[in-house]
2 protein chains.
Amino acid sequence: MGNKNVGIKDVALAAGVSVTTVSHVLNEVAYARVRPETKEKVRAAAAQLGYEPNRLAQALRTQRTGMLGLLSEDIATTPHAGRIILGADEAAKARGYNLMILNTSAAASLESRQADVEALLERRVDGILYATMYHRSVDLPPNLGNVPSVLVDSVSTGGNITAVIPDEERGARTAVSALVEAGHTRIGFLNNTDDVPATHLRLQGFRNTLDEAGLDGGAAPVESAPSEVQGGYEAARRILERGRSADVPTALFCYNDRMAMGAYRAAAELGLAIPADLSIVGFDDQQLIAANLYPALTTVALPHYEMGAWAVEQLIDAIEGKTDLALMAAAPTVMDCPLVRRDSVAPPRA
Amino acid sequence: MGNKNVGIKDVALAAGVSVTTVSHVLNEVAYARVRPETKEKVRAAAAQLGYEPNRLAQALRTQRTGMLGLLSEDIATTPHAGRIILGADEAAKARGYNLMILNTSAAASLESRQADVEALLERRVDGILYATMYHRSVDLPPNLGNVPSVLVDSVSTGGNITAVIPDEERGARTAVSALVEAGHTRIGFLNNTDDVPATHLRLQGFRNTLDEAGLDGGAAPVESAPSEVQGGYEAARRILERGRSADVPTALFCYNDRMAMGAYRAAAELGLAIPADLSIVGFDDQQLIAANLYPALTTVALPHYEMGAWAVEQLIDAIEGKTDLALMAAAPTVMDCPLVRRDSVAPPRA
DNA sequence: GTGAAAGCGCTAACAG
DNA sequence: CTGTTAGCGCTTTCAC
């Protein structure tokens, strides 16, 4: 069983037919008329010998490997990568493709990343996914263009390549709306200091939602800090201790779950109970944090799985000639970030 | 550039030599004597045409793909997977191999996992790594044996396959020793309830270390609960509230970082400051938790990266005939778990 | 020193 | 309905 040396030829011999016939029945070639009983003979022989096709030979002949390359920036350092990979892997498997994953680094030189693409190209992958670990703008290796490709979680500085990104602005709206709907009128924002799209778009979403609720987003308190736990702690202390008590927010929207974790600590130190005295909503839905904080954190999920799966679908459609990627390259496709309700939001104290 | 249609034949034509010669110089074949100037011509032509080898054709001919299959159980659900993959990927890259990653699930049927192995086999990977997401005993698909394979982070129920696992017992010793060395004499253990190797081995390490320090490990307080934050919280409350105050531990060794996170909450509720009133050491070194708790958690790291890299090395050595995997299959190779010192350990209050 | 030719395992015209 | 045959792009034995 699983004898790696039996080829189509052996099956042909055993079944008493030609290799053509074997190929026809094993691949269920549509135009080939083969008598049912012959088919049976062939299948039986194949099973009996434990025949398994040699995909390399097939690929060489058909110029199709059925492999997709995934170039992933910093696969290990962020838990998000896993979800992108999972989404991509499942989508690929469902359509009979496999993933060849190469890890690269955001810090790696263009040449090094180009070499990675080259490795993928030498193996004749049918298409390439380039995934970054957070939504940003990347300089793509030029040889990426040699094969259908799509960008996951970022946009190309050069533009002109199909990309899928999270809808940051709308995600922020979702988060802030949850707070507004709970009855909060004094809502603060703990923002990131990095100059990345999310920083600007989430702020925009925050302000817009407040404005639309008649709450004057322009005047709402915003504190920025590095997007880590410590930054969140510091920004939260600042925002919670400023001004007269009547100005202090009763709810905080945090740039990400790590900052929210810092806000939890600040709240604890200030004697503020969550969610009774202070409601908090995060962003990212990092399981390890969001689900494990006490109380569990209500947050907005990044659609990593979905982006990975979507990208693979587009790629395969393009490879199989069902789509033209160029048509989608003009503007990135944007995906919704759903709210994950847990226990950190409640109405403000009366 | 990067024209995917130029082959060795085109290079030969351009350089005015035969394909044999091109192959010889491009592969730096040792026994082939080629005049230096010819070599130059060939290389120049190759570069000029942007030739890149077709690995598929090479593989078909040489029966070597230079690809390693990695079957990973639940890649996405645990952050550990990333480190195994990273270790494997870097080790593979360093030796000119690439990884083909397939995601599977611990819950998947044997048949489904066998089909995944089959997919890898059809692509003629040179070897296979089978990685689980926590140290346990797995039922391996039988076709795994068709190609050199090594198990990462688990042992086979069938035995007889090279495997690498963390040294749980010694890891626990390391953790407990840190507490003993800080001067603690009343040390408790928050253990997991699952029947997995780590549960038993860490307990063993805990008791042994205490015994060797003259502290009577058999009598030391142990509370078990599911290995999540909530379980850690509950077990910690139980252990911290029982008996007279003179019996209450001044230090806690936790089965993992999540349980330690729960212990932090219990301590806070009981008005115990960490590490002044209570020292804590965890296990796993889950970055997101350990580094972000306040104070940052001292813990024992699982050698995921190292195991991934080690496994790849062995696999490649076996593939290249430098090792015989069978020699190592008798017993799993065990890897050390180093202590990561952060801020949750201090001497007990005087 | 260099080249001709066989063949890795498979698919797909093209014949019959 | 089924078989013959020519490659896919490369490596490698064997001749020259």
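On a predicted model such as this, the values are computed, not experimentally measured, just so you know. What you see below is based on every heavy atom in this structure, not just the backbone, and it leaves out hydrogens, waters and symmetry mates.
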Report the end-to-end axis angle of the helix from dG1(C)-dC16(D) to dG16(C)-dC1(D); each axis comes from five terminal pairs, and the value is rounded to 10°. 40°
Closest of dG3(C), dT2(D), dG7(D) to the V34(A) side chain is dT2(D)
Is the shortest distance from a Lys or Arg side-chain nitrogen in K93(A) or D116(B) to a carboxylate oxygen in the other one below 4.0 Å? yes
To the nearest angstrom, how far is K41(A) atom NZ from dT2(D) atom C1'? 11 Å
Could you state the CD-C1' distance from E122(A) to dC10(D), rounded to the nearest angstrom? 13 Å
Here the distance between atom C1' of dG9(C) and atom CG of L13(A), to the nearest Å, is 15 Å
Tested for side-chain hydrogen bond (donor to acceptor under 3.5 Å, both in side chains) against Y305(A), the lone hit among H80(A), E90(A), R83(A) is E90(A)
Determine whether a donor-acceptor pair (N or O, by modelled atom type, separation under 3.5 Å) exists between the side chain of T65(A) and the backbone of R124(A). yes
Separation of atom CZ in R124(A) from atom P in dC8(D), rounded to whole Å: 14 Å
Side chains of D153(A) and T132(A) only: does a donor on one sit below 3.5 Å from an acceptor on the other? no
Starting at atom CD1 of I8(B), determine the distance to atom C1' of dT12(D), rounded to an integer number of angstrom. 11 Å
Would you state whether a donor and an acceptor, one from the side chain of T20(B) and one from the base of dA4(C), lie under 3.5 Å apart? yes
Out of dT11(D), dG9(D), dA6(D), which has the shortest distance to the side chain of S23(B)? dT11(D)
Between C1' of dT11(C) and CG of L60(A), the distance in whole Å: 11 Å
Can you figure out which of dG9(C), dT2(D), dT11(D) approaches the side chain of T38(A) most closely? dT2(D)
Between dA12(C), dT11(C), dC10(D), which nucleotide has the shortest distance from any of its atoms to the side chain of Y31(A)? dA12(C)
Of all the nucleotides listed (dG1(C), dC8(C), dT2(D)), which has the minimum atom distance to the side chain of T21(A)? dT2(D)
Choose from dG9(C), dT11(C), dT2(D) the nucleotide whose nearest atom is closest to any side-chain atom of N27(A). dT11(C)
Using whole Å, report how far CD of E52(A) lies from P of dG9(C). 13 Å
When rounded to whole Å, the CG to P distance for the pair N54(A) and dG7(C) reads 18 Å
Along DNA chain C (nearest heavy atom to each residue), the more 5'-positioned of V17(B) and A57(B): V17(B)
Result for salt bridge (Lys or Arg N to Asp or Glu O under 4.0 Å) between R95(B) and one of D89(B), D126(B), D317(B) points to D317(B)
Backbone N/O of A326(A) and side chain of D324(A): donor-acceptor pair under 3.5 Å: yes
Side-chain N or O of R35(A) closer than 4.0 Å to phosphate OP1/OP2 of dT2(D): yes
Using the side-chain heavy atoms of Q58(B), tell me which of these nucleotides is nearest: dG7(D), dC10(D), dG9(D). dC10(D)
Can you name the nearest heavy-atom pair linking L68(A) to V312(A), along with the distance? CD2-CG1, 4.0 Å
For a quick test of reading the model, state the closest non-hydrogen atom pair linking S72(A) to M133(A) and the distance between them. OG-CE, 4.3 Å
Would one find a side-chain N or O of Q63(A) under 4.0 angstrom from OP1 or OP2 of dC8(D)? no
